[in-house]
Every structure is written in C-alpha cells, then in structure tokens.
Engineer: 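I am attaching a structure below and will ask some questions about it afterwards.
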Number of protein chains: 2
Amino acid sequence: MSPSKAAQLNPKTRDALTAAQLYYLQDLTMDAIAHELHTSRSSVSRLLGHARETGLVEIQVRSPLDMPRQLEGDIRAQFGITAHVVPVPDQTSDVERLDRVALSAARILGGFIDSNMSLGVAWGSTMSALSRHLLSKATHNSTVVQLNGAANPRTTGILYASEILQRFGSAYGATVQQFPVPAVFDDPATKAALWRERSISRVVEMQKTLDTIVFGLGSPFAGVPSHVYIGGYLDDDDFAQLRATGAVGDIATVFYREDGSSDGIPLNDRSSGPSLDVLRGIARRVCVVSGESKLQTLRGALAARLITDLIVDSGTARKLLAG
Amino acid sequence: MSPSKAAQLNPKTRDALTAAQLYYLQDLTMDAIAHELHTSRSSVSRLLGHARETGLVEIQVRSPLDMPRQLEGDIRAQFGITAHVVPVPDQTSDVERLDRVALSAARILGGFIDSNMSLGVAWGSTMSALSRHLLSKATHNSTVVQLNGAANPRTTGILYASEILQRFGSAYGATVQQFPVPAVFDDPATKAALWRERSISRVVEMQKTLDTIVFGLGSPFAGVPSHVYIGGYLDDDDFAQLRATGAVGDIATVFYREDGSSDGIPLNDRSSGPSLDVLRGIARRVCVVSGESKLQTLRGALAARLITDLIVDSGTARKLLAG
DNA sequence: AAACCCGATGCACAAACGTGCAAGGAGTCC
DNA sequence: GGACTCCTTGCACGTTTGTGCATCGGGTTT
C-alpha cells in the first residue's frame with residue numbers, strides 16, 4: 001500500500017521524534033502524547049529526555065539582531081574573536097561555575113561539529129566536565145583526535161584521557177584517535193625518536209590538519225591549580241623553570257607567557273602537545289574558560305592569538321574587559 | 001568602567017534572554033532563575049513564555065539525517081515538492097486538526113521569513129487560525145501583502161481580513177499592505193476599471209513580485225465548506241457555474257479543476273485574486289491543508305503546480321499518497 | 001531449566017510549572 | 001488631587017512533569 005518501504009527505523013527513535021513534534025511544536029501535554037502513542041506519561045517524559053539528549057530536539061537562544069549581547073560584542077571589539085558569555089552569578093562556587101560553563105560549551109560545540117570534520121580535543125578538568133555534557137549529533141566520516149599525551153610517571157593516563165575522548169567519539173559518531181604518549185617527556189630526544197615512529201607520526205600529522213580544536217587553559221601558578229599541575233606530570237624543577245621563564249599558562253601542555261610569547265620555554269621541547277604555531281594553523285580554536293583564576297592565563301592565550309572562539313563565564317568576561 | 005555604553009536595551013527583553021539562557025541552555029529551574037534575577041518564579045515563567053513567543057528561543061525538531069521522514073520523502077518523490085507532515089491522530093476533530101496544523105505551520109513559516117522580503121497572504125479559516133499562532137521574528141524592510149479582496153455584499157470584510165494581516169505584520173515587524181476590494185466582482189468591467197486606479201494597481205503590481213505566499217485551499221463542494229462559501233461571497237448562480245465548469249477548489253478566490261487547468265472558468269475573471277500564472281511566478285508558495293475533505297482540492301492544486309511547500313496533517317498526507 | 005542481566009514499563013510521589021486573581025504602581029485625563 | 005486605564009507583580013492553586021522504585025519480559029550464561 002505505502003508508496004515506499006515501511007519505516008525501517010528504530011521504533012524508539014521514531015516515537016521520540018513524534019513525541020518531540022507533539023510536545024515542542026504543538027504544545028501538547030505529555031499526557032495527551034502518551035494517549036496518542038498508547039503508552040504511559042512517564043514513558044513520554046523519558047522519550048522526550050532521550051530526544052533532547054540525542055539531538056532530535058535542538059533549542060537555540062538567539063538575541064534579536066538589533067541587540068547583540070553586550071559583553072560578547074565588547075570582546076569581539078577588543079580582541080577580534082567570537083565570544084559566548086555564560087551567565088553565572090558572581091557568588092557561585094568554582095565547581096558549579098565550571099559545570100555550568102561546560103554545559104553551555106557542550107551545546108555550543110554541537111553547532112560547530114559536522115560531517116567530514118576532524119576535531120582535536122585536549123584533556124583536563126574543563127574538558128572532562130565538558131565531555132560529560134555533550135549532546136549527541138550524528139555525523140559521518142568525522143574524527144576526534146587527542147591533542148597531547150596523558151601519561152605521567154604514576155599512570156599511563158590512558159583511562160582518564162580516553163574516557164574524555166570516547167565521550168566525544170560516541171556523541172558525534174566519530175572515530176577516535178588516541179595519542180598514547182607521555183604528557184611531558186623526560187628527555188626531548190625520546191620525543192624526537194618517538195615522533196619518527198609511524199604509528200605516532202601519523203597522529204602528529206593528523207593534528208596539523210584539524211578543522212577545529214577544543215581546549216581549556218592550564219594555569220600553573222593560579223590559586224586553583226589545574227589538573228596538569230597536581231597529577232604528577234611536572235616535578236619541582238619543572239615548576240621552578242616555568243616560573244623563571246615567565247610562563248603563565250598552557251594549552252595541551254604547551255606553555256606561553258602573558259604577552260603571548262613562548263620562545264625559550266624549555267619545557268615545550270619536551271611536551272607532547274602541538275606547537276603553538278601548529279595550533280594557530282587550525283581554523284577554529286575553541287577555548288573554554290571558567291573562573292577568574294584563569295584571567296592572566298586567558299590574557300596570554302589571547303595575546304598569542306590562540307583562540308578564535310571563547311566560551312567564558314560572565315564574571316570572568318567582565319574582568320577580562322575591565323582590566 | 002564598561003568598555004562600551006551601558007546596555008540600552010529593553011530590560012524585559014534582556015531578562016527574558018538571560019532567563020532563556022539559564023532555563024534552556026543550563027537546565028536551571030525557574031526557581032533558581034527567579035533567585036538570580038531577583039524576581040518571583042511566576043515572573044520567570046511569564047518571561048520564558050515571552051521569550052518563546054517573541055522568537056528569542058527557537059526550538060527545532062530534526063529527524064536524524066539518516067532517516068528522512070517517511071511521508072515527507074514520499075511526497076517529495078511523487079510530487080516534487082517539500083512537505084511538512086504534522087502528526088495528528090486520525091480520530092481528531094476537524095477543529096482541533098486545523099488548529100494543530102496551523103500551529104505547526106506558523107512555526108515553519110517563521111523559518112521562511114526574513115528581512116527585505118515580501119509575503120503574500122490569503123485569508124480564510126486556515127489563515128485565520130494560522131495567524132493566531134504566529135511567532136514573532138524581527139525583520140527589517142519586509143512587507144505583508146493581502147492577496148485577494150475580502151468585501152462581499154454583506155460586509156466590507158475589512159475587519160476580518162485585516163485582523164489576519166495585522167497579526168502577520170506585527171509578528172514580523174512588517175509593513176502591511178491592505179487590498180480593499182470585493183472578493184468577487186459582480187461585473188468584470190468594474191474590476192478592470194478599478195485595476196487602473198493607481199492606488200489599486202500598486203498593490204496588484206506588488207503581488208506580482210512577492211517572494212513568498214501563504215494560503216489555504218478553498219473547497220466549494222467538499223463536506224466541510226470553506227469560509228468563502230458560507231460568507232455570502234458567491235450566490236447560487238455562481239455555485240452552479242462553478243460546478244458546471246468542474247472547479248474543485250480555489251486559492252485566493254481563483255478557481256481550478258482537479259487536473260490543474262483553470263481556463264474557461266468565468267468566475268476567475270471577476271475574482272480579485274492573482275491569476276494562477278502570477279502565483280506560479282512566485283518563488284515559494286506555501287500551502288496549509290488540514291483534513292481529508294480537501295483532498296481533491298489539494299490534488300488539483302498540485303496538478304496545477306501551485307504549491308512548492310506543503311504543510312499538511314498526517315492523515316491527509318497518507319490519503320494523498322494512497323490515492 | 002534455572003539463574004542472571006538488562007532495558008523498558010507503569011506507579012506513586014515530590015518537585016516544578018502555568019495561570020486566574022487581586023494588589024500595587026506608573027502614567028494620563030479630567 | 002482624584003479617578004481612570006493599563007501594565008506588572010506575587011500569591012495560591014491546580015496541573016504538569018521528573019524520577020526512584022518495583023516489576024516484567026526477552027535474551028544470555030551456566
């Protein structure tokens with residue numbers, strides 16, 4: 001009877017789609033939808049949750065064209081980048097602030113991802129939080145690539161970093177490219193040798209042709225130390241050296257100063273992350289920052305032109321502009 | 001202190017925007033938002049309603065790319081047009097069905113509208129329902145043009161038609177172009193004379209260069225008669241004549257047969273609506289149909305290639321394909 | 001076949017939400 | 001100044017929604 005083959009799709013997805021139509025586009029109550037779908041209201045509630053999580057429903061909040069958002073416009077004017085300011089009340093705890101920024105970042109990131117795309121991701125507490133909030137979005141032929149190694153003298157770090165990577169991969173239906181090397185090498189010669197290994201150099205080459213990267217900022221000397229600095233990745237000598245050379249932060253374990261320079265920071269020769277020049281060659285560089293302790297670090301990254309899209313909480317955004 | 005002039009925007013809109021961000025993007029409860037905005041929860045509820053109505057929040061339901069919606073794909077395959085099928089259970093009353101289709105149509109239409117655009121709108125029960133559900137969307141320099149007159153021997157029809165027009169105008173911030181003429185002239189010569197008046201010919205010319213039009217279908221002989229046919233627009237002779245010439249429906253009081261032809265239907269010479277050739281010259285022609293009583297009428301409009309985008313309830317869509 | 005696991009379901013309850021209503025301004029007219 | 005309208009606010013109530021829990025059924029392991 002039907003002009004084409006019967007629906008061959010997952011019935012759960014089909015129901016979720018119908019429910020979403022009825023709920024979001026026709027304003028029916030879940031009760032009414034339950035009746036139409038011959039199920040219970042609670043199932044409809046779960047169905048809708050499923051629809052939201054899997055990206056069947058997309059909710060956008062857009063400021064009217066005639067009133068660009070204040071802080072975001074100011075940041076564009078001053079730094080020449082696109083900003084997404086996440087409103088968070090000032091007295092919020094650091095933990096909650098990070099979580100709320102990460103939640104928004106995850107949504108925004110979904111808009112940047114598409115088929116045939118390669119995405120580089122760093123790791124750290126910001127990326128970990130972000131990865132937990134990703135909304136799935138079906139893509140074809142896309143790849144998620146780890147930016148820097150996660151092994152340190154204590155652990156291989158593979159579990160931690162790969163958990164983040166995997167979440168990205170499954171959210172976007174992308175293949176995942178791990179990078180099983182130490183975060184920071186003891187001996188730069190070892191790094192050079194390893195970089196000649198085909199299995200490793202393949203990933204290094206992929207990193208150079210990424211379409212988009214996402215990262216948080218590491219701030220070694222800020223009040224709240226980043227994951228990198230309490231995980232045993234660096235020893236006391238390393239810290240002393242960083243301080244002596246004036247480093248204020250890192251992206252994927254590659255360090256820079258507040259003025260944006262990074263020459264003559266010896267640690268970078270031992271780092272597994274892509275050089276800042278490589279990063280600057282990537283078209284879209286999404287930076288997620290939460291909390292004023294990262295302010296100095298953020299200034300450095302901006303001075304180094306390492307960021308094209310910034311996602312930041314409102315308090316930090318204000319301080320950034322005020323300073 | 002602030003790097004740019006303080007926010008000069010409507011505080012209500014600003015709050016609505018913030019609330020929408022917090023609610024839809026950060027999943028806070030209204031209570032929490034009320035606390036952050038220093039207002040009551042009920043105000044936040046209203047604020048969010050305002051945000052949805054004014055298009056600050058946009059909710060899309062998109063089927064995953066790998067499973068295009070069944071009926072819509074079938075309709076495209078068979079008729080070469082874009083369809084939006086609105087799921088409605090079969091036993092729904094005609095009134096509710098119309099309302100639900102109109103609600104969805106209003107949302108979909110919002111996606112078609114943009115600045116610098118001219119939109120032609122018909123009138124009738126479908127358009128009336130549609131107009132009541134429009135979501136506002138700010139545009140510049142756009143115009144809404146009435147497609148056909150609404151006066152009849154009993155009333156000037158201005159109130160009825162202009163109410164619809166006004167709703168479109170205020171939803172999109174567009175200027176409204178009325179068309180104060182009878183729906184159907186008694187004497188074609190009067191129409192010809194009036195068409196030479198500059199005030200009228202201006203509108204007639206505008207109709208020829210529209211970017212988009214929206215209309216329902218009139219079905220004179222269907223079980224449920226359309227607004228046009230019970231409002232005193234046509235007399236018994238007119239009906240007899242329509243039946244004799246094989247007309248099955250009209251768009252903006254211009255009639256056509258089931259095979260799509262419209263030559264030799266005398267009533268069309270007296271009608272105030274744009275000729276079907278004019279309609280076919282318009283890039284996007286959005287048709288809203290609800291209920292199986294319009295099936296035959298819909299077939300005619302499709303045969304006449306009068307539709308580029310069809311918004312239709314699921315039952316009618318199925319019947320359309322089955323027939 | 002029994003034991004087990006896992007996801008889906010509906011129930012019941014608490015939490016979250018929409019809205020009629022009356023009260024409280026702000027502005028306007030007399 | 002008083003009386004009026006019009007808009008906004010918070011409250012209170014009934015409705016709608018999220019979710020822990022117990023249950024159930026299909027599939028897999030032992």
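Owing to the predicted nature of the structure, the values given are computational and were not obtained by experimental measurement. Worth knowing before you read on, the calculation uses all heavy atoms, side chains too, and leaves out hydrogens, waters and symmetry mates. Proteins come first, then strands; the chains are lettered A, B, ... in the order of their sequence lines, and each starts at number 1.
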Engineer: What's the CG-C1' distance between A:Leu28 and D:dT16, to the nearest Å?
Structural biologist: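 Taking CG of A:Leu28 and C1' of D:dT16, I get 13 Å after rounding.
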Engineer: Once you round it to whole Å, what is the distance between P of D:dT17 and CG of A:Leu48?
Structural biologist: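 After rounding, the gap between these two atoms is 9 Å.
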Engineer: Given side chains that start at C-beta, do those of A:Ser314 and A:Arg97 come closer than 4.5 Å, heavy atoms only?
Structural biologist: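 No, too far: nothing below the 4.5 Å cut-off.
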Engineer: With a non-hydrogen cut-off below 4.0 angstrom, is B:Ser42 in contact with a base, only sugar-phosphate, or nothing?
Structural biologist: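 Base contact.
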Engineer: Could you state the atom-to-atom distance from NZ of B:Lys12 to C1' of D:dT9 in whole Å?
Structural biologist: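 Nearest whole value for this atom pair: 12 Å.
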Engineer: Does A:Ser43 have a side-chain nitrogen or oxygen under 4.0 Å from the phosphate oxygens OP1 or OP2 of C:dG10?
Structural biologist: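 A:Ser43 to C:dG10 OP1/OP2: side-chain N or O found under 4.0 Å.
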Engineer: Over all strands shown, is A:Ser45 touching base, sugar-phosphate only, or nothing at heavy-atom distances under 4.0 angstrom?
Structural biologist: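 Here A:Ser45 touches the bases of the nucleic acid.
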Engineer: Rounding to a whole Å, what distance do you find between A:Ile33:CD1 and D:dG18:C1'?
Structural biologist: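 The answer, rounded to whole Å, is 15 Å.
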Engineer: Using a 4.5 Å cut-off on heavy atoms from C-beta on, say whether the side chain of B:Asp309 contacts that of B:Ile108.
Structural biologist: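 Sidechains of B:Asp309 and B:Ile108: no contact.
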Engineer: I'd like to know if B:Arg107 and A:Asp27 make a salt bridge, using a cut-off of under 4.0 Å between side-chain N and carboxylate O.
Structural biologist: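 Counted as a salt bridge, because a side-chain N and a carboxylate O are separated by less than 4.0 Å.
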Engineer: What integer distance in Å separates B:His50:NE2 from C:dG18:C1'?
Structural biologist: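 Result: 17 Å.
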Engineer: Can you check the B:Arg46 CZ to D:dT8 P distance for me, whole Å?
Structural biologist: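 Spelled out: CZ on B:Arg46 to P on D:dT8 is 10 Å.
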Engineer: Taking only side-chain nitrogens and oxygens of B:Tyr23, does any of them come within less than 4.0 Å of OP1 or OP2 of C:dC17?
Structural biologist: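 True: B:Tyr23 side-chain N/O within range (under 4.0 Å) of C:dC17 OP1/OP2.
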Engineer: Whole angstrom is fine here: how far is it from CG in B:Leu37 over to P in D:dT8?
Structural biologist: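 In whole Å, D:dT8 P lies 16 Å from B:Leu37 CG.
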Engineer: Where the side chain of B:Gln26 meets the backbone of A:Pro87, is there a donor-acceptor pair that is under 3.5 Å apart?
Structural biologist: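 Confirmed, B:Gln26 side chain pairs with A:Pro87 backbone.
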Engineer: Kindly say if A:Thr39 contacts the phosphate of C:dT9, meaning a side-chain N or O under 4.0 Å from OP1 or OP2.
Structural biologist: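 For A:Thr39, the contact criterion (side-chain N or O under 4.0 Å from OP1 or OP2 of C:dT9) is not met.
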Engineer: Starting at CE of B:Met30 and ending at P of C:dA16, how long is that distance when rounded to a whole Å?
Structural biologist: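 After rounding, the gap between these two atoms is 11 Å.
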